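Note sheet for the following structure.
Just follow the structure's listing: the first ligand is 1, and inside any ligand the first atom is 1. What you see is a predicted model, and the numbers here were worked out from it, not measured in a lab.
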Amino acid sequence: MTFLDMLRDASTRNNSMLCVGLDPEPTKFPAALRGDATKIYDFCAAIVDATADLVNSFKPQIAYFAAHGAEDQLEKLMAHMRKVAPHVPVILDAKRGDIGSTAEQYAKEAFERYGADAVTLSPFMGFDSITPYLKYEGKGAFLLCRTSNPGGDDLQAQTLADIPGQPRMFEHVAKLAQGPWNTNGQLGLVVGATRPHEIERVRAVAPTLPLLIPGVGAQGGDAVATVKAARIGGGPIIINSSRAVLYASQGEDFAAAARQAAMETRDTLNRAAALCD
Ligand SMILES: O=C(O)c1cc(=O)[nH]c(=O)n1[C@@H]1O[C@H](COP(=O)(O)O)[C@@H](O)[C@H]1O
């Protein structure tokens, strides 16, 4: 099954656009686990178990594991997700970007070592930095396009005067991903929920690509406006929330609270979609 097949299947089965981001930060764990980086797997596995029937994907952020030398726990978590939620695709958030020979190693890490279904990438180094990932048939690759952070303006909002139509950099990335770079239909785009108006601009040039949209929850993105904009064109939608789900409670009830937060977010997104119908 390809990443896109899995995404469609999980979205339908769980009636969900929600991706739970797995950004484990031991200082925010409940008291029994707090500050203990050897408990990263236990914490994340509990979140996965509590939310697997509510999501269309999971997105582990590799830095939260690597910073603690916890790559073995990420491998164990990948195996756990396969076991308890085999129908839910896993997007490894790694935001890699490097020359082709090095990108081959990063692609191997994402797809062979961790067995991810999709990965996040920076397109800054150009098409040859992306192609090694596209050799993995059926795997997804999400290119950073219009990111949720304030500094996203610094480069992504710049006008490219030498390109016909003078697009902004993020519009040009979206156009390349929808068109010439998407050689096997594996590409998607990352666009922030903090900028719903610009999601509309991305959809104008990339109507059918899957969009990975972080920024609801802790970053304050507008969930309703985001869904409305992302639905234009009909491409698949993945809306990520990490901290607002993971740390809904820092008590012993953290897994139940995460489930409740995920359910509320999923339902809010679905209500927004229903309003657009
Ligand atoms: O690629 C990403 O996932 C990403 C892109 C972006 O523009 N903004 C963004 O916040 N992210 C990631 O999405 C997650 C957002 O986490 P919360 O703000 O806690 O929901 C983090 O893992 C970020 O690294």
Side-chain angles (χ1 to χ4, degrees), residues 3 7 17-29 40 43-44 47 51 54-68 74 77 89-97 106 110 116-124 130 133 140-157 169-170 173-174 177 187-199 201-202 209-223 226 229-230 236-250 254 257-258 261-262 264-266 268-269:
F3 165 68
L7 180 63
M17 286 176 265
L18 177 66
C19 170
V20 166
L22 299 166
D23 299 6
E25 169 53 72
T27 58
K28 295 185 181 158
F29 288 176
I40 286 176
F43 176 80
C44 291
I47 298 287
T51 59
L54 300 174
V55 300
N56 73 357
S57 49
F58 286 114
K59 183 177 73 72
Q61 213 314 328
I62 198 165
Y64 286 86
F65 297 82
H68 298 282
L74 178 54
L77 181 63
V90 180
I91 303 164
L92 184 68
D93 184 7
K95 296 188 184 68
R96 302 299 194 199
Y106 280 136
D117 301 297
V119 67
T120 57
L121 302 175
S122 166
F124 193 70
I130 306 297
Y133 302 88
F142 286 88
L143 307 187
L144 297 178
C145 177
R146 191 65 176 114
T147 58
S148 64
N149 56 320
D153 283 342
D154 296 345
L155 298 176
Q156 297 154 21
M169 189 184 278
F170 76 90
V173 169
L187 294 182
L189 295 167
V190 180
V191 292
T194 48
R195 307 177 192 278
H197 179 60
E198 297 190 342
I199 297 178
R201 298 178 67 138
V202 167
L209 291 188
L211 298 185
L212 170 60
I213 309 178
V216 300
Q219 294 179 53
D222 181 338
T226 292
I237 304 171
I238 301 166
I239 299 185
N240 179 86
S241 180
S242 303
R243 287 167 291 180
V245 172
L246 300 180
Y247 311 116
S249 161
Q250 290 183 306
F254 74 98
E264 282 166 15
T265 309
R266 179 193 69 163
T268 300
L269 298 172

Intermediate values then yes/no, side chain to side chain contact (heavy atoms under 4.5 Å, CB included), Lys95 and Val190: CA-CA 10 Å; Lys95 296 188 184 68; Val190 180; over 6 Å; no
Take Arg146 and Asp153 through the test salt bridge (Lys or Arg N to Asp or Glu O under 4.0 Å) and record every step on the way to the result. CA-CA 8 Å; Arg146 191 65 176 114; Asp153 283 342; 2.7 Å; yes
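Residue Lys95 holds the heavy atom nearest to atom 24 (O) of ligand 1 of all those in Lys95, Lys59, Gln156. When the options Leu144, Asn240, Leu22 are ranked by their closest heavy atom to atom 14 (C) of ligand 1, first place goes to Asn240.
The closest approach between a heavy atom of Asn149 and any atom of ligand 1 is not below 4.0 Å.
Taking the salt bridge (charged side-chain N to carboxylate O under 4.0 Å, His left out) definition, one finds that Arg201 meets it with Glu171, sequence neighbours left out. Checked against side-chain hydrogen bond (donor to acceptor under 3.5 Å, both in side chains), Asp117 has the following partners two or more places apart in sequence or in another chain: Arg82.
Both the backbone and the side chain of Thr147 come within contact range of ligand 1, each with a heavy atom under 4.0 Å. Contacts with ligand 1 closer than 4.0 Å are made by heavy atoms of both the backbone and the side chain of Ser148. If you look at Gln61 next to ligand 1, the close heavy atoms, those under 4.0 Å, all belong to the side chain.
The distance from ligand 1 to the heavy atoms of Asp23 drops below 4.0 Å at these ligand atoms: 14 (C), 16 (O), 21 (C), 22 (O). Those atoms of ligand 1 that come under 4.0 Å of a heavy atom in Val190, given as number and element, are 1 (O), 5 (C).
Within the model, atoms CD1 of Ile238 and CG of Leu211 stand 8.5 Å from one another, a figure rounded to the nearest 0.5 Å. Atoms CG and NZ, on Asp93 and Lys59 in that order, are 3.5 Å from each other to the nearest 0.5 Å.
Every N/O-N/O distance between Arg146 and ligand 1 stays at or above 3.5 Å. For ligand 1, the polar-atom distance check against Ser241 finds no nitrogen or oxygen pair separated by under 3.5 Å. The shortest N or O to N or O distance between Tyr64 and ligand 1 is not under 3.5 Å. For Thr120, no nitrogen or oxygen atom sits less than 3.5 Å from a nitrogen or oxygen atom of ligand 1, counting backbone and side chain alike.
Ranking protein heavy atoms by distance to atom 19 (O) of ligand 1, first place goes to Arg243 NE, 2.6 Å. Looking only at heavy atoms of the protein, atom 10 (O) of ligand 1 is closest to Gln219 NE2, 2.8 Å. The nearest protein atom to atom 20 (O) of ligand 1, hydrogens excluded, is given as Ser242 N, 2.9 Å; this is a heavy-atom distance. The protein heavy-atom contact nearest to atom 4 (C) of ligand 1 is Pro214 CG, 3.4 Å.
A donor atom on one side chain and an acceptor atom on the other are not found under 3.5 Å apart for Gln219 and Thr194.
By the 30° and 60° cut-offs, the orientation of the rings of Phe142 relative to Phe3 is perpendicular.
Counting only heavy atoms from C-beta outward, the side chains of His68 and Pro26 approach each other to under 4.5 Å. Using a 4.5 Å cut-off on side-chain heavy atoms (C-beta onward), Leu22 and Tyr64 make no contact.
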